[in-house]
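Report on the following structure.
Bear in mind that the values here come from a model prediction, so they are computed numbers and not experimental data.
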Amino acid sequence: QVQLVESGGGLVQAGDSLRLSCAASQRTFSMYAMGWFRQAPGKERDFVAAISQSGTITTYADSVKGRVTISRDNAKNTVYLQINSLQPEDTAVYYCAAGTTYYTVKNKSRIDYWGQGTQVTVSS
């Protein structure tokens, strides 16, 4: 069992930046591809970004490409999501996810472990 704990969310203004963190409980963190999803009120949970086990491969949703960077530090068992130029439509609960490959972790039905989420609210 892998426990994932997100942090770094909060209330920000449009145009600000945030870095979300997700800490994993186990040393086996490096065995998992990692991803970030987000869920706005009344909407489905959507893929945001994913990263391979080594960190060499990343992939992003078209809606955030160019504003978001996913990275990981396997020595710290942590994955990060840097979000720049935040807009009100980025308001959502952001979830960290662990899966088998960077490709399968893009699919929310193929996630092995979820974090509890961290709220990001962007005011205009």
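Here the side chain of Gln82 pairs no donor or acceptor atom with the backbone of Ser71 at under 3.5 angstrom. Side-chain atoms of Arg67 come within 3.5 Å of backbone N or O of Ser85 as a donor-acceptor pair. Side-chain atoms of Asn74 come within 3.5 Å of backbone N or O of Gln53 as a donor-acceptor pair. Between the side chain of Thr101 and the main chain of Thr104, a donor-acceptor pair closer than 3.5 Å is present.
Hydrophobic clustering (ILVMFWY, side-chain heavy atoms < 4.5 Å, transitive): Val79 and Val64 are in one cluster. Hydrophobic cluster membership is shared by Met34 and Val2, with clusters built from Ile, Leu, Val, Met, Phe, Trp and Tyr side chains linked at under 4.5 angstrom. Using a 4.5 Å cut-off between side-chain heavy atoms of Ile, Leu, Val, Met, Phe, Trp and Tyr, with links allowed through other members, Leu11 and Val93 fall into different hydrophobic clusters. Note on Leu4: it clusters hydrophobically with Leu18, by side-chain heavy-atom contacts below 4.5 Å among ILVMFWY residues. Transitive grouping of hydrophobic side chains (ILVMFWY, heavy atoms separated by less than 4.5 Å) keeps Ile51 and Tyr103 in distinct clusters.
Nearest heavy-atom pair across Ala33 and Val105 is O-CG2, 4.0 Å. Here the closest heavy-atom approach between residue Ala49 and residue Leu81 is recorded as CB-CD1, 4.0 Å. Heavy-atom minimum distance, Ala14 versus Gln87: CB-OE1, 4.3 Å. For the pair Tyr32 and Asp112, the tightest heavy-atom approach, listed with the atom from each and the gap, is CE2-OD2, 4.1 Å.
Shown here are the side chain to side chain donor-acceptor pair (under 3.5 Å) partners of Tyr94, two or more places apart in sequence or in another chain: Arg38. Residues passing the side chain to side chain donor-acceptor pair (under 3.5 Å) test with Glu89: none are found, sequence neighbours excluded. Gln1 is linked by a side chain to side chain contact (heavy atoms under 4.5 Å, CB included) to Tyr113, counting only residues two or more places apart in sequence or in another chain. Scored by the salt bridge (charged side-chain N to carboxylate O under 4.0 Å, His left out) test, Lys43 finds no partners at all (sequence neighbours excluded).
A cation-pi arrangement is found for Arg72 relative to Phe29, the charged atom lying closer than 6.0 Å to the ring centre and inside a 45° cone about the ring normal. Geometrically, Arg19 engages Tyr80 in a cation-pi contact defined by less than 6.0 Å to the ring centre and at most 45° from the axis.
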Where do Thr78 and Asp73 land on the side chain to side chain donor-acceptor pair (under 3.5 Å) test, with the steps shown first?
-> CA-CA 5 Å; Thr78 302; Asp73 186 339; over 6 Å; no
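Residue pairs that meet the disulfide (SG to SG under 2.5 Å) test with at least one member in residues 59-124, sequence neighbours left out, are Cys22-Cys96.
In this structure, NZ on Lys106 lies 4.0 Å from OG1 on Thr59, to the nearest 0.5 angstrom. The line from OG of Ser17 to CD1 of Ile83 is 9.0 Å long, rounded to the nearest 0.5 Å. Atom CG of residue Leu20 and atom CD1 of residue Ile70 lie 10.5 Å apart, to the nearest 0.5 angstrom. To the nearest 0.5 Å, the span separating CG on Asn84 from CG on Asp16 amounts to 10.5 Å.
Side-chain atoms of Tyr102 and Thr58, non-hydrogen and from C-beta on, never get closer than 4.5 Å to each other.
Taking the six-membered ring wherever Trp is involved, the centroid distance between the rings of Phe47 and Trp36 does not fall below 6.0 Å.
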Compile the donor-acceptor pairs under 3.5 Å between side chains in residues 116-124 and protein atoms, sequence neighbours left out, one pair per line.
unit_1, atom_1, unit_2, atom_2, d
Gln116, NE2, Glu6, OE1, 3.4
Thr118, OG1, Gly9, N, 3.2
Gln119, NE2, Ala92, O, 3.4
Gln119, NE2, Thr121, OG1, 3.3
Ser123, OG, Val12, O, 3.3

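No salt bridge links Asp46 with Lys108; every basic N to acidic carboxylate O contact stays at or beyond 4.0 Å.
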